[in-house]
Amino acid sequence: MQLSCFSSIEKRPTTGACVVPFALDKGVIVPLFEDESLVHSALHAIASKDFSAKEKEVLVLYTDPVVEPRIILVGLGEKQKVTVEKLREAYYAVSALLSKKEIVSISCIPPFLEQLTERLVLRGVLEGLFLGTYSFSYYKTTPLKNRLEHIACCVLPGVLHDVAKKVQAQNNALSLARDLVNKNADEITPQGFCEVAKTLVGGGLEVDIYDATWMKNEKMNLILAVSQGAEWEPRFLIVRWEGAPKHTDKTVIVGKGITFDTGGLNLKGTDSLKTMKCDMAGAAATLGVIQAVRDLELPINVTAVIPLCENSIGSRSYKPEDVIVSRAGISVEIANTDAEGRLILADALDYVREKLQPSRIIDIATLTGAAEVALGSDISALFSNTDALAYQLQQASQRAGDNLWRMPLYSGYSSLLDSDVADCKNVGIRAGGAITATLFLQKFVGDIPWAHLDIAGPAFLKEARGYYPKGATGAPVRTMIEFLEELSPKVVEE
Ligand code: BES
Ligand code: ZN
Ligand code: ZN
């Protein structure tokens with residue numbers, strides 16, 4: 001995407017369309033920019049009530065092509081109530097229309113709003129436009145229709161530069177995460193995922209890939225057990241960014257990388273099997289986030305730790321009632337082979353706790369159907385042993401418009417994981433399933449500040465919703481980038 005700026009409306013370049021914002025002020029339609037001729041061209045549409053400036057409303061006008069052949073009116077609803085999120089939604093609607101009409105270049109006049117800074121406005125506008133450009137076309141044999149390639153904005157160059165850098169890095173991270181999830185599970189195998197990770201090496205990112213033999217030495221018996229039924233060998237992937245080499249502060253992100261979840265011998269049913277290539281969405285988001293950290297050159301230390309394997313069925317599959325000793329030395333009775341995510345995360349978390357001296361750990365996982373039942377497809381579940389970390393993540397999620405909601409890490413349910421034959425078992429009862437899954441993970445993190453994001457609901461959509469496409473969404477990439485950006489100055493100050 002090419003981005004450029006112009007200093008005043010009259011000096012806008014010739015493009016396929018000029019996008020102009022309107023809102024409602026005490027019931028009256030008002031332009032959120034100053035330009036007589038552009039306002040004039042909208043008058044008939046307004047008088048005929050074809051355009052009422054309500055939220056997400058878009059209308060194309062064909063005018064005398066003085067500068068451009070089309071003017072696109074975008075509605076933002078009540079002026080005082082416009083937020084960054086509403087800008088994302090409205091400009092997503094603009095972007096979707098541009099794709100349909102194959103308009104490849106636009107000039108854009110960002111709305112003037114008292115309640116938002118110029119930067120925040122531009123951020124909402126660009127995020128919305130960018131969100132509308134994604135489509136998964138990897139397996140299409142006919143080339144895609146023309147898509148938006150050039151956005152010219154009426155803003156100062158400095159403002160455009162800062163905001164564009166962030167939005168572009170974020171968008172590349174989202175695309176990477178989404179593509180990884182949307183591709184076939186037999187292409188994004190543990191090895192296949194690592195091949196993609198290798199392409200990120202450079203610019204300060206380092207990648208280490210470990211195989212099953214290394215895992216045997218590390219006693220990662222839970223990961224090895226889950227992967228036992230699969231053709232593909234498991235992998236343990238570590239990606240490092242040292243943006244603050246003089247500081248000891250380090251954030252470790254752990255992503256669940258089950259490249260396909262059949263459920264194992266506790267085989268899933270037809271319906272739930274269908275979407276299970278998404279079970280590495282936590283891993284994909286983690287890789288996307290660390291790529292963005294590199295692109296933004298954030299002055300912090302971040303390590304991504306990604307256990308990768310397939311939960312398959314075969315004669316060698318691990319079995320219900322097996323007892324397996326984890327890397328941490330805790331023995332686990334396998335009550336259900338479909339609760340595999342917490343098993344691979346357990347060994348990964350224990351490795352991180354012992355070897356990496358993290359200041360905080362955040363794991364991202366499509367962990368439980370229970371989280372999806374509780375919060376639906378718009379909201380990820382957030383669990384944490386540290387209030388400050390939970391608060392920072394929640395604040396970041398609000399700014400990003402990529403929702404997290406905190407759930408209780410209620411120790412009263414711990415006994416549901418008691419086993420007759422081992423130190424614990426891997427599932428409790430159906431009720432409270434997202435909580436017991438988190439309590440299982442907690443056994444492996446010790447006292448380190450830790451947050452667990454259960455993204456089973458938002459990771460993958462059966463139908464498009466709002467500005468999210470059908471299939472992989474890339475949640476919670478935007479929240480995580482926002483969180484790490486906010487963390488950056490605090491780390492350097494220490
Ligand atoms: N990968 C699933 C969770 C999931 C469900 C992800 C829906 C995305 C959408 C996980 O491994 C799983 O199968 N969990 C079981 C746990 C149960 C056996 C205790 C579940 O939630 O049903
Ligand atoms: Zn499962
Ligand atoms: Zn799973």
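No experiment lies behind these values; they were computed from the predicted model shown. One-based numbering, in listed order, for ligands and for the atoms of each.
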- Indicate yes or no: at least one non-hydrogen side-chain atom of Leu273 is less than 4.5 angstrom from one of Phe260. yes
- Would you kindly say whether Asp279 and Thr366 are connected by a side-chain donor-acceptor distance under 3.5 Å? yes
- Message: To check you understand the geometry: which heavy-atom pair defines the closest contact between Arg353 and Gly446, and what is its length?
- Response: CD-N, 4.0 Å
- Asn336 to ligand 1: N or O pair under 3.5 Å? no
- To the Zn ion (ligand 3), the closest N, O or S atom belonging to Asp279 is OD2
- Message: Tell me whether Arg178 forms a cation-pi arrangement with Tyr134, defined as NZ or CZ under 6.0 Å from the six-membered ring centre and within 45 degrees of its axis.
- Response: yes
- Task: Ignoring hydrogens, just give me the one of Val226, Leu367, Ile429 whose non-hydrogen atom is nearest atom 10 (C) of ligand 1.
- Result: Leu367
- Closest heavy-atom pair, Thr337 versus Gly263, reported as atoms and distance to 0.1 Å, is OG1-O, 2.7 Å
- Query: Heavy atom under 4.0 Å from ligand 1: found in Asp279's side chain, backbone, both, or neither?
  - Reply: side chain
- Query: Quick one: nearest non-hydrogen protein atom to atom 4 (C) of ligand 1, plus distance?
  - Reply: Met276 CE, 3.9 Å
- Message: Which of the numbered atoms in ligand 1 are under 4.0 angstrom from any heavy atom belonging to Glu340?
- Response: 11 (O)
- Note on the structure: Checking heavy atoms under 4.0 Å, the part of Met280 that sits near ligand 1 is neither
- Determine whether more than 12 heavy atoms belonging to other residues, nucleotides or ligands lie under 6.0 Å from atom NZ of Lys443. yes
- Heteroatom proximity flag, Glu372 to ligand 1, N/O under 3.5 Å: no
- Item | Residue and atom name of the nearest protein heavy atom (relative to atom 2 (C) of ligand 1), distance in Å to one decimal | Asp261 OD2, 3.6 Å
- Item | Numbering as shown, the atoms of ligand 1 that approach Lys256 to under 4.0 Å (heavy-atom distance) | 1 (N), 10 (C), 11 (O)
- Task: Would you kindly say whether Gln392 and Glu486 are connected by a side-chain donor-acceptor distance under 3.5 Å?
- Result: no
- Query: Where on Ile258 is there a heavy atom closer than 4.0 Å to ligand 1, on the side chain, on the backbone, on both, or on neither?
  - Reply: neither
- Side-chain donor-acceptor pair present, Thr251, Arg360, cut-off under 3.5 Å: yes
- Message: the Zn ion (ligand 3) and Ala339: any N/O/S contact shorter than 2.8 Å?
- Response: no
- Glu340, N/O/S atom nearest the Zn ion (ligand 2): OE1
- Are any side-chain N or O atoms of Thr189 and backbone N or O atoms of Asp186, one a donor and one an acceptor, separated by less than 3.5 Å? no
- Query: Are any of the N or O atoms of Arg342 closer than 3.5 Å to those of ligand 1?
  - Reply: no
- among protein heavy atoms, the one nearest atom 22 (O) of ligand 1 is Gly369 N, 4.5 Å
- Message: Using a 3.5 Å cut-off on N or O atoms only, is Thr368 in polar contact with ligand 1?
- Response: no
- Message: Between Arg399 and Gln394 (side chain of the first, backbone of the second, donor and acceptor by atom type, cut-off under 3.5 Å), is there such a pair?
- Response: no
- Message: Counting non-hydrogen protein atoms only, what is the nearest one to atom 19 (C) of ligand 1? Give residue, atom name and distance.
- Response: Val427 CG1, 3.3 Å
- Query: For ligand 1, is any non-hydrogen atom under 4.0 Å from Arg430's backbone (N, CA, C, O), its side chain (CB onward), both, or neither?
  - Reply: neither
- Message: Between Ser397 and Asp402, is there a side-chain donor-acceptor contact under 3.5 Å, judged purely by atom types and distance?
- Response: no
- Message: Taking N, O or S atoms only and a limit of 2.8 Å, check whether Asp261 reaches the Zn ion (ligand 2).
- Response: yes
- Message: Considering non-hydrogen atoms of the protein only, which is the closest contact for atom 12 (C) of ligand 1, and what is the distance?
- Response: Asp338 O, 3.2 Å
- Message: Ignoring hydrogens and geometry beyond distance, is a side-chain donor-acceptor pair present between Glu85 and Thr83 at under 3.5 Å?
- Response: no
- Message: I'd like to know if Lys166 and Glu482 make a salt bridge, using a cut-off of under 4.0 Å between side-chain N and carboxylate O.
- Response: yes
- Query: Going by the atom numbers of ligand 1, which of them fall below 4.0 Å from some non-hydrogen atom of Thr366?
  - Reply: 1 (N), 2 (C), 3 (C), 6 (C)
